[in-house]
Amino acid sequence: MSLRIADETPLAPLTTLGIGGPARHFVTADDEPTLVAALEWARDRGLPVYLLGGGSNVVVGDDGVDGLVVHMAPRGIRFRREGDFTCLTAGAGETWDPLVTEAVRRGEAGVECLAGIPGSVGATPVQNVGAYGQEAADTVLTVRVLDTATLRTTDLPSAACGFGYRDSVLRREPGRMVVLAVTFALTPGGGPKVEYDELRGELGWSEVDAPAVPPSLDEVREAVLRLRRRKSMLLDPADENHRSAGSFFTNPVVATAAAARLKERLRAEGVPGAESMPAHAAGSGLVKLSAAWLIERAGIARGYRQGRVGVSTRHVLALVNLGGATAAELMTLAAYVRGSVHDRFGISLDMEPVCWGCPKVW
Ligand SMILES: Cc1cc2nc3c(=O)[nH]c(=O)nc-3n(C[C@H](O)[C@H](O)[C@H](O)COP(=O)(O)OP(=O)(O)OC[C@H]3O[C@@H](n4cnc5c(N)ncnc54)[C@H](O)[C@@H]3O)c2cc1C
C-alpha cells in the first residue's frame, strides 16, 4: 500500500465529457488499505471525498473539485459455480464492457444487453445501469462496500441496495459507501433476454413471433452494440458525438392518470405521434415516459447547437461537448432543454449524470 496524493490534478481528461476544472487533491486507490488511508487523510483535513470510476457519468464544474478525488481502481475477476448459478465477482476498477464480453464468451447469461455501457464495475450498481430491457439489479447478488463513516467493509445483499430506475442507496447517499467489488449471479447456458422492442427489431423478430432458433448471447450482444453505435452510445473517439455522458436526462416517471391526460391533450392539439406516446408501466399507478420523445416534441432536434455544446446528432438525450466547452455552457444548454420540456408539457426532467461543483441553473 502506498498513498500518493497529487495536487491540482486535471479532471477533464478523466471524464468522457472532457470538461471541468482540477481536483484539489487526487489519489488512485488500487486496494482497500490505500482507500482507507486516503479516507483517513481526507478526514484529518476536513475535506470532502469524491469517488471516480471511468468518469462517464460525472459533470465536473469549471472551478473543479475542492476536496480529495479518489480514483477507484481495485482489480480482479473471478467466476465460480454455486449451485445453478455462476457467481462473477469483479473489482470496482475493472472496466464494465470487457467483463460483459467475457461473461458472454463463457455462455453466462444475465448481462448481455448491458454491453457497450462505458465505465467501471464499481459504478454499475450506483445508478443501477440499464439498457435494452436489462439492468444491473437483475443480476447483482452482493455489493462489497466500505462504509466511509466506520471504515468497515460489508457485503450488501441486492435487497439492501434499494435499486430503482437509475437509482440505488449508493446514489442517494453519495460518498457514504465506496464500492470495492460487485458479485453478479449469472445463468450458465441461459438464453439471452430479448424483451425490448428495438432489440427484437434489430434481431429481425416480427411483432409477435420469436424465431424458431433463438439468438445466442453473442448475437444479442452484437445487436446491442450495433444499436448503441447508431446512437453514438459507444465510446468512440472517431464519433463526432463522443464527448458526452450518455443520456443527460432520465425518463420521467409520472402518475398513469397524468400521462393519460397529457396524451389526450396532445391528441386534441393534433400533435403528430400523440397516439403512440411512449408510456411503459413503472410500478403501481405509475408510468415511465420517454424523455427523448418529449424533448423532440418540445422542438429540440438532434444536432441543435449552442456554441461549443450541442445535442447529439444521433440521440436527442445526449448533450455533447463539441470541443473546448465549459461546464457552465453545458449546464445552460441542459437548462434550456429542460425548460423547453417543462414549458411544453409541464414535466420536469431529472439529470442522470452526477454534478461535482457544476453551476446550479435550475
Ligand atoms: C456514451 C455513453 C453511454 C452510456 N450509456 C448508458 C446506458 O446505456 N445505461 C446506463 O445506465 N448508463 C449509461 N451511461 C452512463 C455511465 O456509463 C454509467 O453510469 C456508468 O456506470 C458510470 O461508470 P463510471 O465508472 O464511468 O462512473 P463515474 O462517472 O466515474 O461515476 C459515476 C457515479 O458513481 C460513483 N462511483 C464511481 N465509482 C464508485 C465506487 N467504486 N463506489 C461508489 N461510488 C462510485 C461516482 O462517485 C459518481 O457518483 C453512458 C455513458 C456514456 C458516456
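Owing to the predicted nature of the structure, the values given are computational and were not obtained by experimental measurement. Positions are given from 1 along the sequence. Indexing begins at 1, ligand by ligand and atom by atom, following the structure's order.
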Colleague: Is I117 close enough to touch ligand 1? Criterion: a residue heavy atom under 4.0 Å from a ligand atom.
Modeller: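 The answer is yes: ligand 1 sits under 4.0 Å from a heavy atom of I117.
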Colleague: Determine the interplanar angle of the Y196 and Y132 rings, folded into 0 to 90°, and report it as parallel if under 30°, tilted if 30 to 60°, perpendicular if over 60°.
Modeller: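 It falls in the perpendicular class, over 60°.
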Colleague: Looking at P125 and S168, what are the two nearest heavy atoms and their distance?
Modeller: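 Heavy-atom minimum between the residues: O-OG, 3.2 Å.
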Colleague: Give yes or no for whether the N/O distance cutoff of 3.5 Å, strictly under, is met between L234 and ligand 1.
Modeller: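 Such a contact does not occur with ligand 1.
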Colleague: Which heavy atom in E329 sits nearest to a heavy atom in V309, and how many Å separate them?
Modeller: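 Answer, listing the atom of E329 first, then V309: O-CG2, 3.6 Å.
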Colleague: Would you check the N or O atoms of M177, main chain and side chain alike, for any that come under 3.5 Å of an N or O of ligand 1?
Modeller: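 N/O-N/O distance below 3.5 Å does not exist for this pair.
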Colleague: Are any of the N/O atoms in T16 less than 3.5 Å from those in ligand 1?
Modeller: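 The answer is no, given that T16 and ligand 1 share no N or O pair closer than 3.5 Å.
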Colleague: When rounded to the nearest 0.5 angstrom, what is the spacing between CG in L156 and OG1 in T183?
Modeller: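 Separation between the atoms: 11.5 Å.
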Colleague: Which option out of G55, G246, G175, A92 puts a heavy atom nearest to atom 52 (C) of ligand 1?
Modeller: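 Going through G55, G246, G175, A92 one by one, G246 has the nearest heavy atom to atom 52 (C) of ligand 1.
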Colleague: Looking only at protein heavy atoms, identify the closest one to atom 8 (O) of ligand 1 and say how far it is in Å.
Modeller: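 Answer, as residue, atom name and distance: R228 NH1, 3.0 Å.
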Colleague: May I ask you to identify the nearest protein heavy atom to atom 45 (C) of ligand 1, giving residue, atom name and distance to one decimal place in Å?
Modeller: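 Here the nearest protein heavy atom works out to V126 CG2, 3.8 Å.
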Colleague: To check you understand the geometry: which heavy-atom pair defines the closest contact between A181 and T89, and what is its length?
Modeller: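 Scanning both residues, the minimum pair turns out to be CB-CG2, 4.4 Å.
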Colleague: When you measure from atom 48 (C) of ligand 1 to every protein heavy atom, which one gives the shortest distance, and what is it?
Modeller: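 For atom 48 (C) of ligand 1, the nearest protein heavy atom comes out as V354 CG2, 3.9 Å.
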Colleague: Would you tell me whether E240 and T313 have side-chain atoms, one donor and one acceptor, within less than 3.5 Å of each other?
Modeller: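 The criterion, which ignores hydrogens and geometry beyond distance, is satisfied for T313 and E240.
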Colleague: Calculate, to the nearest 0.5 Å, the distance between atoms OG1 and CZ belonging to T101 and R106 respectively.
Modeller: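 The CZ atom of R106 is 12.5 Å from OG1 of T101, to the nearest 0.5 Å.
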Colleague: When you measure from the heavy atoms of R166 to every atom of ligand 1, does any distance fall below 4.0 Å?
Modeller: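 Yes.
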Colleague: Would you indicate which of V129, T15, V70 comes nearest to atom 21 (O) of ligand 1 when only heavy atoms are counted?
Modeller: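 Considering heavy atoms of V129, T15, V70, the nearest to atom 21 (O) of ligand 1 sits in V129.
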Colleague: Identify the protein heavy atom lying closest to atom 22 (C) of ligand 1, giving its residue, its atom name and the separation to 0.1 Å.
Modeller: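 Answer, as residue, atom name and distance: S56 OG, 3.2 Å.
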Colleague: With a heavy-atom distance limit of 4.0 Å, tell me whether R171 approaches ligand 1 through its side chain, its backbone, both, or neither.
Modeller: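 Answer for R171: neither.
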Colleague: Which part of M233 is near ligand 1, with near meaning a heavy atom under 4.0 Å away: side chain, backbone, both or neither?
Modeller: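 It is both parts that get close, each with some atom under 4.0 Å.
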Colleague: Can you see which heavy atom on T148 is nearest to which on R43, and at what distance?
Modeller: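 Reported closest heavy-atom pair: O-NH2, 3.0 Å.
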Colleague: Do me a favour and list the nearest non-hydrogen protein atom to atom 12 (N) of ligand 1 with residue, atom name and distance?
Modeller: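 Its nearest protein heavy-atom neighbour is Q127 NE2, 3.1 Å.
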Colleague: Is the CG atom of D84 crowded by more than 12 outside heavy atoms at less than 6.0 Å?
Modeller: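 No - once you tally the heavy atoms of other residues, nucleotides and ligands closer than 6.0 Å, there are 12 at most.
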Colleague: State whether the shortest distance between N or O atoms of A131 and N or O atoms of ligand 1 falls below 3.5 angstrom.
Modeller: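 Checking ligand 1 against A131, no N or O pair falls under 3.5 Å apart.
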Colleague: Ignoring angles and geometry beyond distance, decide whether N128 reaches within less than 3.5 Å of ligand 1 through its nitrogen or oxygen atoms.
Modeller: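 The answer is no, given that N128 and ligand 1 share no N or O pair closer than 3.5 Å.
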Colleague: Set out, in order, the CA-CA distance, both residues' side-chain angles and the distance that settles ring pair (Phe, Tyr, Trp, His ring centres under 6.0 Å) for W41 and H25, then state yes or no.
Modeller: CA-CA 11 Å; W41 186 91; H25 305 289; 5.0 Å; yes
Colleague: Which option wins on minimum heavy-atom distance to atom 17 (O) of ligand 1: G119, G54, P118?
Modeller: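 Checking each option, the heavy atom nearest atom 17 (O) of ligand 1 is found in P118.
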Colleague: Give me the residue, atom name and distance of the protein heavy atom closest to atom 35 (C) of ligand 1.
Modeller: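 Looking only at protein heavy atoms, the one closest to atom 35 (C) of ligand 1 is L51 O, 4.0 Å.
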Colleague: Would you mind checking which non-hydrogen protein atom is closest to atom 27 (O) of ligand 1, with the distance to 0.1 Å?
Modeller: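 The answer is A123 CB, 3.4 Å.
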Colleague: For S244 and ligand 1, does the shortest N/O to N/O distance drop below 3.5 Å?
Modeller: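 Between S244 and ligand 1 (N or O atoms, distance only) the closest approach is not under 3.5 Å.
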Colleague: Which ligand 1 atoms, with their elements, are less than 4.0 angstrom from a heavy-atom of M72?
Modeller: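 Under 4.0 Å from M72, ligand 1 has these atoms: 41 (N).
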Colleague: Considering all heavy atoms of both residues, which atom of I300 and which atom of V311 are nearest to each other, and what is their separation?
Modeller: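 Minimum heavy-atom separation between I300 and V311: CG2-CG2, 3.9 Å.
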Colleague: Using a 4.0 Å heavy-atom cut-off, which part of A245 comes near ligand 1: side chain, backbone, both, or neither?
Modeller: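 The part of A245 near ligand 1 is the backbone, not the side chain.
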Colleague: Of W293, F248, F249, which meets side chain to side chain contact (heavy atoms under 4.5 Å, CB included) against L317?
Modeller: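 Only one of W293, F248, F249 forms a side chain to side chain contact (heavy atoms under 4.5 Å, CB included) with L317, namely F249.
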Colleague: Geometry only, no angles: is G130 polar-contacting ligand 1 at N/O separations under 3.5 Å?
Modeller: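 In this structure, G130 places an N or O atom under 3.5 Å from an N or O of ligand 1.
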Colleague: How far does CE of M351 sit from CH2 of W362, to the nearest 0.5 angstrom?
Modeller: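 Reported to 0.5 Å precision, the distance equals 5.5 Å.
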Colleague: Who gets closest to atom 15 (C) of ligand 1 by heavy atom: L17, N57, T124?
Modeller: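 Considering heavy atoms of L17, N57, T124, the nearest to atom 15 (C) of ligand 1 sits in N57.
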Colleague: Are V354 and L51 connected into the same hydrophobic cluster when the rule is that any two of I, L, V, M, F, W, Y join if their side-chain heavy atoms are below 4.5 Å apart?
Modeller: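 They do not share one cluster, since no chain of ILVMFWY contacts under 4.5 Å joins L51 to V354.
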Colleague: Quickly, which of D350, V287, I347 forms a side chain to side chain contact (heavy atoms under 4.5 Å, CB included) with P252? Name it, please.
Modeller: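 The side chain to side chain contact (heavy atoms under 4.5 Å, CB included) with P252 is passed solely by I347 among D350, V287, I347.
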Colleague: Quick one: look up the protein heavy atom nearest atom 30 (O) of ligand 1 and list residue, atom name and how far away it is.
Modeller: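 The protein heavy atom lying closest is G53 N, 2.7 Å.
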